[in-house]
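Structure, as structure tokens:
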Amino acid sequence: PHITIGGNLTSASGTLNAGQSRIILNSPAGLIAFNQPAGNFYDLEIAGNSTYNQLNDIRISNDLIISSGTLASNNRNIFVGGSWINSGGNYIAGNRTVFFNGDGNIIINPGSSSFYDLTINGSVNAVFGANTLVTRNYSQSAGSVNLNGFNLTINRRFTLSGGVFLAGSGNIQVREN
């Protein structure tokens with residue numbers, strides 16, 4: 001099932017029990033306040049033509065899909081248990097971290113957007129779906145990552161303290177100075 005929200009999503013208290021529903025934020029225009037209630041989203045989709053401004057960290061048990069519109073981190077973290085699929089929207093990273101902390105097979109496809117800090121700390125089997133820019137640090141402590149023929153550019157530091165990283169036919173460029 002899908003739950004579509006066409007305006008602000010704010011919560012002063014209470015717990016979100018999304019089950020296995022996809023929450024679709026689909027406002028036609030404007031700057032939209034986005035305050036996740038306690039609990040995790042299962043799937044979260046950013047759609048419409050609005051900019052969704054995070055007011056707290058986002059926790060997603062499964063996939064984050066950005067099909068249109070903009071998700072602005074507002075210097076808040078995002079925890080994703082599944083895939084990150086940007087098929088036509090924008091992500092404004094600010095200066096916070098996207099964590100992939102789930103397990104199973106996932107796809108990391110930021111579209112034309114970039115990550116600030118990217119951390120793989122779950123037992124995922126991640127495959128990249130696009131060339132990817134990390135404007136600061138990449139850190140991996142678990143899981144398996146395969147560039148799948150795409151390029152990964154990291155402007156600062158690459159840390160692999162666990163797991164497996166496969167560049168394959170893709171290129172990795174670390175620009176730390």
Side-chain angles (χ1 to χ4, degrees), residues 1-9 16 18-34 36 40-54 57-74 76-94 96-120 122 124-136 138 143-155 166-172:
H2 296 92
I3 300 168
T4 301
I5 300 170
N8 291 333
L9 175 60
L16 172 69
Q20 292 188 347
S21 295
R22 176 179 289 178
I23 305 293
I24 302 170
L25 302 180
N26 189 13
S27 182
L31 181 62
I32 304 298
F34 177 38
Q36 180 177 355
N40 288 2
F41 291 113
Y42 180 73
D43 284 331
L44 177 63
E45 181 175 349
I46 303 299
N49 293 316
S50 294
T51 296
Y52 293 91
N53 195 23
Q54 275 182 250
D57 289 352
I58 298 175
R59 298 183 190 302
I60 305 163
S61 298
N62 199 40
D63 298 337
L64 173 64
I65 301 143
I66 304 173
S67 55
S68 60
T70 299
L71 175 60
S73 78
N74 196 28
R76 309 285 188 200
N77 295 319
I78 300 177
F79 298 85
V80 182
S83 295
W84 179 294
I85 306 292
N86 184 344
S87 60
N90 296 303
Y91 170 63
I92 301 171
R96 293 309 283 233
T97 303
V98 172
F99 294 89
F100 287 93
N101 60 349
D103 57 24
N105 297 325
I106 69 166
I107 297 169
I108 300 173
N109 180 351
S112 61
S113 300
S114 62
F115 298 110
Y116 180 72
D117 283 337
L118 179 61
T119 297
I120 311 289
V124 298
N125 180 22
V127 175
F128 276 72
N131 293 327
T132 300
L133 171 63
V134 178
T135 60
R136 201 170 86 127
Y138 174 96
S144 174
V145 173
N146 184 336
L147 289 183
N148 194 34
F150 294 101
N151 298 323
L152 175 62
T153 302
I154 303 161
N155 282 350
L166 303 168
S169 61
N171 293 307
I172 181 170

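What you are looking at is a predicted structure, and each value in this text was computed from that prediction instead of being measured.
The backbone N or O of Gly82 lies less than 3.5 Å from no partner atom in the side chain of Asn62, so there is not a single donor-acceptor pair. In this structure, Ser27 contributes its side chain and Ser50 its backbone to no donor-acceptor pair below 3.5 Å. A donor-acceptor contact shorter than 3.5 Å links the side chain of Ser68 to the backbone of Gly48. A side-chain donor-acceptor contact under 3.5 Å links Asp57 to the backbone of Asn77. Checked by atom type and distance alone, the side chain of Asn90 never pairs as donor or acceptor with a backbone atom of Thr70 at under 3.5 Å. In this structure, the side chain of Ser73 engages the main chain of Ala93 through a donor-acceptor pair within 3.5 Å. Between the side chain of Tyr52 and the backbone N or O of Asn26 there is at least one donor-acceptor pair closer than 3.5 Å.
No side-chain donor-acceptor contact under 3.5 Å links Asn109 and Asn86.
When all heavy atoms are compared, the tightest approach of Arg22 to Ile65 is NH2-CD1, 3.2 Å. Residues Asn131 and Asn151 share a closest heavy-atom pair of OD1-N, 2.8 Å. Scanning all heavy atoms of the two residues, the minimum distance from Ser114 to Thr135 falls at OG-CG2, 3.7 Å. The two atoms that bring Arg96 and Arg76 nearest to each other are CG-N, 3.2 Å, heavy atoms only. Across every non-hydrogen atom of Phe128 and Asn148, the tightest pair is O-ND2, 3.3 Å. When all heavy atoms are compared, the tightest approach of Ser83 to Ile107 is OG-N, 2.8 Å.
Contact of the Pro28 side chain with the Asn49 side chain is not registered, since no non-hydrogen atoms from C-beta on lie closer than 4.5 Å. When side chains are defined from C-beta on, Ile120 counts as touching Ile108, because their heavy atoms get closer than 4.5 Å. For the pair Asn155 and Leu133, the minimum side-chain heavy-atom distance is below 4.5 Å.
When each of Leu64, Leu71, Val80, Val98 is checked for a side chain to side chain contact (heavy atoms under 4.5 Å, CB included) with Ile58, only Leu71 meets the rule.
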Trace of the side chain to side chain contact (heavy atoms under 4.5 Å, CB included) decision for Leu44 with Leu25: CA-CA 8 Å; Leu44 177 63; Leu25 302 180; 4.1 Å; yes
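By the 30° and 60° cut-offs, the orientation of the rings of Trp84 relative to Tyr91 is perpendicular.
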